[in-house]
Amino acid sequence: MKAVLLGTAAGGGFPQWNCACAPCDGARSGRLASRSQDCLALSGDDRNWWLFNASPDIRTQLVATAALNPGPGPRDTPVRGVVLTDAELDHALGLLTLRGAAGVEVHATAAVSEALHGDLDLRAVLDRYADWTWHDVVPGKPFDLDGGLEVTAVPISGKRPKYTGGSTVDGDWVVAYRVVDRRTGGTLVYAPCLATWPAALEHLLADADVLVLDGTFHSPDEMGVRTGGSHGQAAMGHLPIAHSLPELRRHPGVRRIYTHLNNTNPVLDPDSPEHADLVAAGVEVPPDGTVIEI
Ligand code: MLT
Ligand code: MN
Ligand code: ZN
């Protein structure tokens, strides 16, 4: 299996257009590497590619990635579809960019699918552009993706997007995916939204080769401290690195990568002590475009 880290920043990207925190200033000046919003591409055969989440940056991410470029026919694309971990805007708005493509397959849990058909009626809009197929993801029930990948969803958090104010659905709002290459047995776990450290993750890590994990914030009060605001409480539903890193230290055999990094996160700076802690633990924050063979 091949994985491309198309984007590794949280919603808003890095730098964020309206943020003057120290890391954002560092990215604007070119001292720190900019990052686009979280999105992962996977393929079992290098011909059929699947997007895990579709960020608002998907156009530039696709254009920048040779393996995802169109051809050989004028409208052929190796992008077969999108697998959603949740219905957050930074993970779903890229679907609108893909509207010109026929035959896209979208996989999402019932809760996510309903959000995209209710509060945010993306599905009705997209239906008018092209014939797409929407598949219900049932946690614990494996499904296959063209190219030899087997995928299983694991419920991981009940965090609902803010825009779903009217929804009473109490379902699988956020899942992690375990992706297995049927040919090689290589296994990747993708969990870009995580509120706690669930027991399910321990099981997933037992036979994983690579983990791509929520690294939004380093500390729970980071947003307030860095931006002078007060919205740091509970780290907005994201388990801070300060709490997940001790767990990751117990799994040295897994290649561990943080993604969905918020622009306030000190690990974005390779010279920070927080980044040094990651390096010491063997945990990575690779740049956008990183290709991983599993
Ligand atoms: C999140 O990951 O918590 C959301 O994407 C926040 C947002 O709406 O930007
Ligand atoms: Mn997000
Ligand atoms: Zn910032």
Side-chain angles (χ1 to χ4, degrees), residues 5-40 51-58 61 82-96 108 111-112 115-116 119-120 122 156-165 167 172-177 190-196 212-241 243-244 258-269 272 274 285 288:
L5 302 177
L6 293 180
T8 52
F14 180 59
Q16 181 173 306
W17 71 275
N18 62 343
C19 188
C21 74
C24 282
D25 279 346
R28 267 182 218 103
S29 72
R31 189 176 71 79
L32 302 178
S34 294
R35 294 172 185 259
S36 62
Q37 294 166 89
D38 176 59
C39 191
L40 176 71
L51 303 175
F52 280 66
N53 292 321
S55 94
D57 298 318
I58 196 69
Q61 293 169 340
V82 181
V83 184
L84 296 166
T85 57
D86 53 71
E88 295 287 351
L89 297 177
D90 58 339
H91 280 155
L93 284 181
L95 292 172
L96 292 172
V112 168
L116 300 183
D119 291 285
L120 182 74
L122 278 186
I156 208 135
S157 162
K159 181 180 186 292
R160 281 191 333 195
K162 253 188 217 169
Y163 68 79
T164 60
S167 172
D172 301 306
W173 283 102
V174 183
V175 295
Y177 285 108
Y190 178 50
C193 185
L194 193 74
T196 58
V212 182
L213 185 70
D214 184 349
T216 309
F217 301 113
H218 187 273
S219 60
D221 58 353
E222 183 179 305
M223 279 285 270
V225 170
R226 290 269 190 174
T227 63
S230 60
H231 31 206
Q233 292 96 342
M236 297 163 73
H238 295 281
L239 184 69
I241 287 178
H243 298 171
S244 60
Y258 279 121
T259 188
H260 196 272
L261 303 166
N262 197 60
N263 57 78
T264 50
N265 195 324
V267 304
L268 289 162
D269 186 343
S272 67
E274 292 85 352
V285 282
D288 288 9

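Order of appearance sets the numbers: ligands from 1, and atoms from 1 within every ligand.
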Problem set entry | By ring-ring contact (aromatic ring centres under 6.0 Å, His included) - contacts of H218 (at least two apart) | none
Seminar exercise, completed: Here the pair of heavy atoms bringing Q61 nearest to G7 is NE2-CA, 3.5 Å
Exercise. N265 and Y258: side-chain donor and acceptor closer than 3.5 Å?
Worked result: no
Exercise. Between Q37 (side chain) and G12 (backbone), is there a donor-acceptor pair under 3.5 Å?
Worked result: yes
For this session: Give a yes/no answer: is there an N/O/S atom of H260 under 2.8 Å from the Mn ion (ligand 2)?
Result: yes
Problem set entry | Close-range residues for ligand 1, whose non-hydrogen atoms fall below the 4.0 Å threshold | E88, D90, K159, H238, H260
Problem set entry | Backbone N/O of S55 and side chain of D38: donor-acceptor pair under 3.5 Å | no
For this session: Could you tell me whether a side-chain N or O of D288 sits under 3.5 Å from a main-chain N or O of T8, the two making a donor and an acceptor?
Result: yes
For this session: For side chain to side chain donor-acceptor pair (under 3.5 Å), just list the numbers for N53 and T85, CA-CA rounded to whole Å, side-chain angles, deciding distance to a tenth of an Å, and then say yes or no.
Result: CA-CA 7 Å; N53 292 321; T85 57; 3.0 Å; yes
For this session: Could you tell me which residues satisfy ring-ring contact (aromatic ring centres under 6.0 Å, His included) with Y177, sequence neighbours excluded, listed by chain and number?
Result: F52
Exercise. What are the protein N/O/S atoms, named by residue and atom, that sit under 2.8 Å from the Zn ion (ligand 3)?
Worked result: C19 SG, C21 SG, C24 SG, N263 OD1
Exercise. Can you check whether A115's main-chain N or O pairs, donor with acceptor, with T164's side chain at less than 3.5 Å?
Worked result: no
Exercise. By atom name, which N, O or S atom of D90 is the nearest to the Mn ion (ligand 2)?
Worked result: OD2
Exercise. How far apart are the C-alpha atoms of L6 and L40, what are their side-chain angles, what is the distance that settles it, and do they pass the side chain to side chain contact (heavy atoms under 4.5 Å, CB included) test?
Worked result: CA-CA 5 Å; L6 293 180; L40 176 71; over 6 Å; no
